[in-house]
Amino acid sequence: MFVPSNGFGDAHEPRGDKMNWDSPAPESHRQHQSLRMLSPAKGAVLAAIVFTTSTLAETNSVQSADQLKKLSVEQLMDIEVTSVSKRPEKLSETASAIQVITQEDIHRSGASSLPEALRLASNLEVAQVNSSQWAISARGFNNTSANKLLVLIDGRAVYTPLYAGVFWDVQDTLLEDIDRIEVISGPGATLWGANAVNGVINITTKNARDTQGLLLLGGGGTELRGFGGVRYGYTLGTNLYFRVYGKFFDRDSSVLLNGREATNDWYMGQGGFRLDWEASAVNLLTLQGDLYDGRIAQPAKGDTALGGGNVLGRWSHTFSDNSDLKLQWYYDRTHRNVPGTFAEDLDTYDVDLQHRFPLGERNDIVWGLGYRLLEDDVGNTPTLAFLPPRLSRQLFTGFVQDEIALVKERLHLTLGTKIEHNDYTGFEYQPGGRLAWKLTPRQTVWAAISRAVRTPSRIDSQLYAPGNPPFFLIQGGTNFVSEELLAYELGYRIQPHPRLSLSLAAFYDDYDNVRSVEKINPPAPYPIILANRQKGESYGAELAADYRVTDWWRLRAGYTELQIRLRPKSGSTDLTRGGSESHDPNRWFSLRSSLDLPAHLAFDTSFRFVTHIANQAVPEYGELDLRLAWQPLATLEFSIVGQNLLHDHHPEFGTVAMPTRQEAERGVYGKVLWRF
């Protein structure tokens with residue numbers, strides 16, 4: 001719905017549950033801009049809200065990077081994932097459209113940020129909006145304020161209650177510390193809650209045991225002007241491991257349509273620690289935290305200030321190979337100040353309990369309880385206001401899931417539901433069922449039916465513009481209810497040869513009560529309120545292939561087809577037909593090649609093609625990234641990375657009607673990585 005430039009979007013209260021129970025375990029147990037009138041209907045949002053969004057805008061650890069280089073496709077398909085069912089299961093047997101981005105994938109891609117790393121999942125739509133902001137979604141409804149995708153980092157939901165989405169400009173970590181990223185396209189609300197409508201991104205960092213010693217990195221170039229990082233890991237005592245890290249970067253501005261600088265260069269510094277204690281063969285304790293601070297330039301205004309930190313604790317107890325208990329808590333503090341528009345301080349307190357146990361010989365039960373408290377304090381301005389400015393919200397959650405072995409080792413049925421209570425709509429129920437049929441040891445068919453909801457956020461019901469009455473642009477939609485999804489999925493995964501794997505997922509999604517923009521006094525375009533008077537459907541397919549041509553050459557390809565149809569319900573005055581909610585291409589394709597060459601050289605190429613975004617007039621484009629690395633020693637590597645090499649600059653997101661639409665530029669940077 002929104003086209004922010006510094007983060008903000010569709011709001012809704014705490015959603016999505018929360019925990020990534022897969023943190024690596026020991027082997028012992030696993031703008032405000034001048035208001036512009038567009039079309040009367042679309043302008044109601046894109047003129048009245050654009051200034052808001054343009055600024056608000058572990059289980060078993062995967063093998064080490066060195067080991068992953070040597071794994072065949074067959075072995076990669078046996079990697080255990082946990083995001084689908086909150087228990088370890090082989091990637092090849094999961095009843096979900098899931099892709100795994102490994103540490104080796106990230107390293108060889110040349111990605112320098114989490115959004116760039118997420119481009120490696122072909123079931124995600126990832127578009128760069130400007131120097132610091134991204135639009136990321138799965139199966140449609142993409143926007144800088146995308147609100148139907150749950151993102152977790154080591155079990156911590158990186159969520160803002162302003163619009164129920166992610167401020168990507170402050171989501172960071174030392175990329176070398178990431179163990180894997182599990183990307184699910186399709187609903188995961190039965191386990192994860194109301195943010196997991198169209199997908200789940202589950203980022204897991206390495207156990208401190210696996211990051212011993214010193215790591216230094218640094219470099220710079222044209223767009224990524226300078227960056228550096230350091231990490232040191234050591235053993236404090238018997239089975240007690242610790243690491244500490246620090247990093248910084250300085251990025252150049254993106255450019256406007258005419259090629260001029262957009263004046264939004266930015267820099268950020270971040271540091272953190274992680275402590276893992278294998279207290280016994282059955283007990284693992286983890287404590288970790290991060291601090292960050294940064295600035296993003298704004299033309300004719302003061303810099304946007306970003307800052308925050310978090311601390312997380314987790315205790316895991318193993319009863320047996322198929323039974324465990326896990327308790328996690330975290331505190332997260334974020335600060336954002338966009339001069340002239342708004343400021344926010346958000347405190348999040350979260351605790352979760354999860355228990356898994358067998359029931360008889362055929363049932364595997366997992367259940368859990370959770371509580372989240374969000375205390376949100378917004379500094380309003382004459383431009384816009386959230387009323388009331390200070391707000392506390394509570395979320396109570398519970399879930400239960402039973403995996404039933406109808407035919408052992410061959411046919412499994414999974415049934416479960418999530419029950420939540422929030423302060424906007426009360427109780428919400430999100431049931432789901434999945435069936436996985438293992439035709440052969442390397443061939444699986446799966447199907448799923450799920451219900452998911454996107455509950456209201458602050459922007460849906462508490463946003464007013466201007467910031468003081470009379471509110472002649474936007475008035476809070478006090479009767480906003482949850483958006484609803486009923487999703488149908490069918491998938492097929494096969495490994496016809498040890499060097500080749502293929503997966504196909506088809507889906508049909510039925511949406512109701514989708515957010516709409518309603519005129520209070522039609523035909524006058526203003527004021528408007530946000531309501532739930534749209535419905536529609538989306539459908540499509542996702543195809544992924546992984547082919548290890550030889551021991552030294554690997555190819556990966558992905559293709560996604562997506563169609564979305566939204567329409568107003570009876571009595572609606574919204575004429576955008578979904579144009580305010582969904583900005584998506586109909587298809588995209590990617591092809592990656594990784595070559596290990598003589599003389600300790602590695603050469604990686606990544607090509608992507610994206611069709612046009614019709615309701616933003618973003619033309620189709622193809623882009624190419626290259627990476628050449630030389631590793632003269634096992635501990636030392638030099639690399640050079642080229643990004644967006646086919647164009648001097650090109651748009652990926654944002655309506656052409658806005659003169660502030662920005663474009664991604666061609667960039668080159670060099671990097672040195674030293675481990676000892």
Side-chain angles (χ1 to χ4, degrees), residues 64-66 69 102-120 128 131-132 168-179 203 205-206 208 210-234 242-254 265-274 290-297 306-307 600-604 606 625-645 664-676:
S64 70
D66 289 339
K69 294 179 183 179
T102 67
Q103 168 58 219
E104 177 67 5
D105 294 333
I106 297 171
H107 178 70
R108 297 199 60 155
S109 71
S112 60
S113 66
L114 281 176
E116 289 178 3
L118 292 176
R119 285 195 192 275
L120 302 175
Q128 185 173 358
S131 65
S132 63
W168 286 106
D169 51 12
V170 295
Q171 308 311 326
D172 198 11
T173 189
L174 197 66
L175 294 185
E176 287 72 14
D177 284 350
I178 293 177
D179 187 39
I203 302 167
T205 62
K206 297 177 181 178
D210 300 323
T211 54
Q212 298 293 286
L214 181 64
L215 177 145
L216 297 172
L217 63 90
T222 56
E223 296 307 299
L224 183 56
R225 296 185 295 201
F227 63 94
V230 58
R231 180 194 71 210
Y232 183 60
Y234 56 100
F242 181 76
R243 73 163 174 259
V244 62
Y245 79 92
K247 63 172 296 185
F248 77 92
F249 63 80
D250 178 12
R251 291 184 181 270
D252 195 13
S253 298
S254 48
D265 53 307
W266 66 303
Y267 63 88
M268 183 83 73
Q270 179 165 319
F273 74 95
R274 175 162 174 161
D290 306 278
L291 287 172
Y292 62 88
D293 186 75
R295 296 291 185 273
I296 305 174
L306 311 171
H600 307 289
L601 293 171
F603 183 58
D604 299 275
S606 179
D625 298 341
L626 300 177
R627 176 182 177 269
L628 179 64
W630 177 47
Q631 193 171 0
L633 303 173
T635 57
L636 181 63
E637 182 183 70
F638 301 90
S639 60
I640 184 168
V641 176
Q643 298 175 311
N644 300 320
L645 295 177
E665 293 184 85
R666 177 187 295 129
V668 178
Y669 74 85
K671 178 179 178 179
V672 179
L673 179 65
W674 189 17
R675 308 171 188 265
F676 58 96

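Only heavy atoms go into these numbers, but all of them, side chains included; no hydrogens, no water, no symmetry mates.
The nearest pair of heavy atoms linking I106 to A117 is CG1-CB, 4.2 Å. Here the closest heavy-atom approach between residue L628 and residue F603 is recorded as CD1-CD1, 4.2 Å. The minimum heavy-atom distance between L636 and P632, with the atom names listed, is O-CD, 3.5 Å. Across every non-hydrogen atom of S132 and I296, the tightest pair is OG-CD1, 3.6 Å. The two residues F242 and A208 come nearest to each other via the heavy atoms N-CB, 3.9 Å. Contact detail for S109 and R627: the closest heavy-atom pair is C-CD, 4.3 Å.
At a threshold of 4.0 Å, the pair R251-E665 does not count as salt-bridged, since none of the basic side-chain nitrogens sits closer than that to a carboxylate oxygen. R243 and D177 are joined by a salt bridge, as a carboxylate oxygen and a charged side-chain nitrogen come within less than 4.0 angstrom of each other. Here D172 pairs with K247 in a salt bridge; the nearest charged N to carboxylate O distance falls below 4.0 Å.
For Y669, the ring-ring contact (aromatic ring centres under 6.0 Å, His included) criterion is met by F227, not counting sequence neighbours. By the side chain to side chain donor-acceptor pair (under 3.5 Å) test, Q643 is found to be paired with E116, residues two or more places apart in sequence or in another chain being considered.
K671 is listed as a side-chain neighbour of S639, based on a closest heavy-atom distance under 4.5 Å. Residues F676 and L216 form a side-chain contact, since some pair of their non-hydrogen atoms from C-beta on lies under 4.5 Å apart.
Note that CG of L306 and CG of D293 are 8.0 Å apart. Values are rounded to the nearest 0.5 Å. To the nearest 0.5 Å, the span separating CZ on R675 from OG1 on T635 amounts to 9.5 Å. The distance from atom NZ of K206 to atom OG1 of T211, rounded to the nearest 0.5 Å, is 7.5 Å. Atom CD1 of I203 is separated from atom CG of L118 by 6.0 Å, given to the nearest 0.5 angstrom. Taken from CD1 in I178 to NE2 in H107, the straight-line distance is 13.5 Å, to the nearest 0.5 Å. Considering OG of S113 and CG of D169, their distance stands at 11.0 Å, rounded to 0.5 Å.
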(message) For a side-chain contact (heavy atoms from CB on, under 4.5 Å) check, start with the C-alpha distance between M268 and V170, then their side-chain angles and the critical distance, and finish with the verdict.
(response) CA-CA 8 Å; M268 183 83 73; V170 295; 4.1 Å; yes
(request) Given side-chain contact (heavy atoms from CB on, under 4.5 Å), test T222 with D252 step by step and report yes or no. (result) CA-CA 8 Å; T222 56; D252 195 13; over 6 Å; no
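In this pair, W630 and F638 present their aromatic rings parallel. The plane angle is below 30°, not in the 30 to 60° band.
At least one donor-acceptor pair under 3.5 Å links the side chain of W266 to the backbone N or O of S131. Formation of a donor-acceptor pair under 3.5 Å by the D625 side chain with backbone atoms of N644 is found in this model.
Put simply, the residue from R231, R274, Q270, E176 that forms a side chain to side chain donor-acceptor pair (under 3.5 Å) with Y245 is Q270. Exactly one of L175, V230, L673 qualifies for a side-chain contact (heavy atoms from CB on, under 4.5 Å) with L217. That residue is L673.
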